[in-house]
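A quick write-up on the structure given underneath.
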Amino acid sequence: MDNDTAKISAQEIDHETTKEYVAQDLEEKIEVVSSQDGSQPELEHAANQSETQQRDLEIVRTETKDPMPVPVPRSQRRGLFGRFTLVAEVEEPKHYSRRTKWYITFVVALAAVAAPLGSAIIFPSLLQISDDLGTSPTITNLSAALYMLSMSIFPLWWSSFSETLGRRTIYLISFTLFLVFNILAAVSKNIAMLIVMRMLGGGAAASVQTVGAGTIADVWEVRERGRAMGIFYLGPLCGPLFAPIIGGALAENFGWRSTQWFLAIYGGAVLVFLFFALPETLKATKPPSPDAEKDLPSNGPKLTRTTSRQSVQRKTARYIRTTKRIFLDPLKIVLYLRFPAVLITVYYGSITFGSLYLLNISLQTVFSKPPYKFSTTLVGLTYIPNSIGYVLSSLFGGKWTDKIMAREAKRAGRYDEKGKLMYIPEDRMRENAWIAAFLYPAALIWYGWTAEKGVFWLVPLIANFFFGIGSMLIFAMATTMLTEFMPKKASNGVAVNNFVRNIFSCVGAVVAQPLINAIGNGWLFTGVGCIAMASGVVVWAMRRFGPRWRQAMDRELDKEG
């Protein structure tokens, strides 16, 4: 009896709040299940339910406490110039304090603004570029379309290298390149130079879209990752908000080259911030034990004879392995699409992302012409409703998803040997996904016809607000699920997602204007909305087949190593 009392006293489970909750829950259970004859089994059932609730409270309280982080000595910090970071690297990144985790999330979100900022900042000045460099608008549009294409391809390499070189090294290298390429774009002498430099700059900045999601997965536990990923995604989605406003104002006052100088300045500022503010977060692998090293073939006889042919063969094999690792291994990331769970998640996110870029092009066209006739600066302001939806969805949608996951885990009784809840990725697609699956396609149809008929400007922009909410729920949900399908290679899952969705956005940016000219905004967005709504079958498929697909994928990935 004394041991039990001491145990309860040591746990201190939320004091009066827990007592009140458990007592109230027990009272409600007894009131509901008690029969007229006061049968004892039903009372015992109520007590058992109360014990389950109390265990859940204990688990929640235990899970919210992380162990104290163990700092890595400055001389042993990893990553390029790792010893200069002001935030210490720790042995287990998930043990950082919540304050530090949110700080790291903010840093990578700030870096993630660069790529979409660069893609959209040039839109208001496309005609200026055509006149200044003496080329057609169609050729000039390639500077925007190929920028998006590079954002889909380059992350495959950034993601692959980050899993071996670490996150910090990739951040510093990619933003150094982003700075250089934007300076060269700003001084371009012809359209070919501008297109190439912008394409390379976009590929460099795109590193954060994959490596940044990997950083979030490094530091946040699954139970809180949905909210963190939502906040991180504010960075990439705020780019389209600020870019047209900044680009329009700069181009109108200083010419189109000022937009590229602005990107160079932003990239340089982010580079300095990353240099001093971001530690390495990829968890270190343990070195082989001394006993294992003794068994390695390289530790054989000290004196050996090697023929010239053998030496050449070894060097050639080493060069082949290095070349394969640099050029071919990153392409293997695309093979993750063979898994149905990954494929349909990527498809759903890509359909949503492609519709976003169709909408971005349409806004430029619709509000710069009659009956609206907005100035360049006012056209940029029309992106604000979307972004307000993104912000609200990021702040509340991720937290909502995390609660859904916890609810589903408790309902299924999934606990590990330590009594902690066990989460599965497909639980993120529940009622939140169904709401989003209806909301953003309906908003697209709403926008298309009100813009087509020239309805008062506020009406189509309200539709864009709801599009922002629904699409952001999909973006954050899909990205977070992909990091959880492949927890050991989180950035690879996001790289696959970016590869496919940026191809969709590139195609959307190229075909948007011809389609609007051919069939109008009403029918275009009706068609896109219907495709998006039909794609909601992904939510049903994930709920129906998701566990089976994930288990098969886990088995195959375990075999691969």
Side-chain angles (χ1 to χ4, degrees), residues 64-114 157-180 204-205 207-221 224-225 228-229 231-232 235 265-293 296 322 325-326 483 487-492 494:
T64 54
K65 285 187 177 181
D66 291 325
M68 290 296 293
V70 179
V72 175
R74 187 176 293 272
S75 60
Q76 299 178 19
R77 293 181 187 174
R78 298 167 300 140
L80 197 60
F81 303 109
R83 63 181 60 195
F84 293 100
T85 55
L86 301 179
V87 178
E89 179 187 345
V90 297
E91 293 184 0
E92 173 51 76
K94 289 183 174 63
H95 293 172
Y96 275 122
S97 66
R98 289 182 60 83
R99 185 175 182 179
T100 304
K101 289 179 181 180
W102 282 119
Y103 163 77
I104 292 174
T105 302
F106 167 75
V107 172
V108 294
L110 188 68
V113 174
W157 276 264
W158 294 131
S159 171
S160 177
F161 294 155
S162 75
E163 298 294 343
T164 53
L165 301 178
R167 318 295 191 199
R168 176 179 168 85
T169 299
I170 297 303
Y171 287 132
L172 295 183
I173 292 175
S174 63
F175 269 85
T176 299
L177 294 174
F178 180 71
L179 171 62
V180 172
S207 64
V208 192
Q209 295 190 20
T210 54
V211 182
T215 300
I216 301 301
D218 291 340
V219 301
W220 289 98
E221 297 283 0
E224 298 176 308
R225 195 175 295 164
M229 197 68 74
I231 299 299
F232 162 70
I265 294 170
Y266 184 84
V270 170
L271 178 61
V272 173
F273 196 35
L274 292 170
F275 186 90
F276 291 106
L278 190 66
E280 179 57 60
T281 60
L282 183 66
K283 188 174 180 180
T285 56
K286 294 183 179 180
S289 63
D291 294 336
E293 290 181 354
L296 293 176
T322 302
R325 179 180 177 185
I326 293 174
T483 65
K488 295 181 180 179
K489 295 184 178 181
S491 64
N492 287 357
V494 182

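Both backbone and side-chain heavy atoms feed into the values below; hydrogens, waters and symmetry mates do not.
Heavy atoms only, all atoms of each residue included: A228 and I216 are closest at CB-CG2, 4.0 Å. Closest approach of P93 to D218, counting heavy atoms only: CB-O, 3.6 Å. Counting all heavy atoms, side chain and backbone alike, I104 lies closest to P279 at CD1-CG, 4.4 Å. Pairing each heavy atom of L282 with each of R167, the nearest pair is CD1-NH2, 3.5 Å. Of all heavy-atom pairs spanning L80 and L172, the tightest one is O-CD1, 3.4 Å. Between F175 and L271, the shortest heavy-atom contact is CB-CD1, 4.0 Å.
For the pair R74 and F84, the cation-pi criterion (under 6.0 Å, within 45° of the ring axis) is not fulfilled.
A distance-only check finds no donor-acceptor pair linking the side chain of E280 to the backbone of E89 [under 3.5 Å]. Judged by distance alone, the side chain of R168 and the main-chain N or O of F275 form a donor-acceptor pair under 3.5 Å.
To the nearest 0.5 Å, atoms CD1 (I173) and CH2 (W158) are separated by 6.5 Å. Here the CG atom belonging to L86 is positioned 7.0 Å from the CZ atom belonging to F276, to the nearest 0.5 angstrom. Note that the OG1 atom of T281 and the NZ atom of K94 stand 9.0 Å from one another [nearest 0.5 Å]. Within the model, atoms CD of E224 and CE of M229 stand 13.0 Å from one another, a figure rounded to the nearest 0.5 Å.
With no hydrogens or angles considered, no side-chain donor-acceptor pair links T210 and S159 at under 3.5 Å. A donor-acceptor contact closer than 3.5 angstrom links the side chains of T215 and Y171.
Taking 4.5 Å as the limit, some side-chain heavy atom of T85 sits within range of a side-chain heavy atom of R77. For the pair W220 and W102, the minimum side-chain heavy-atom distance is below 4.5 Å. Taking the side chain as every heavy atom from C-beta outward, Y266 and V113 approach each other to under 4.5 Å.
A salt bridge links K283 with E92; the closest basic N to acidic carboxylate O contact falls under 4.0 Å.
Using a 30° and 60° split on the angle between ring planes, Y103 and F273 fall in the perpendicular class, above 60°.
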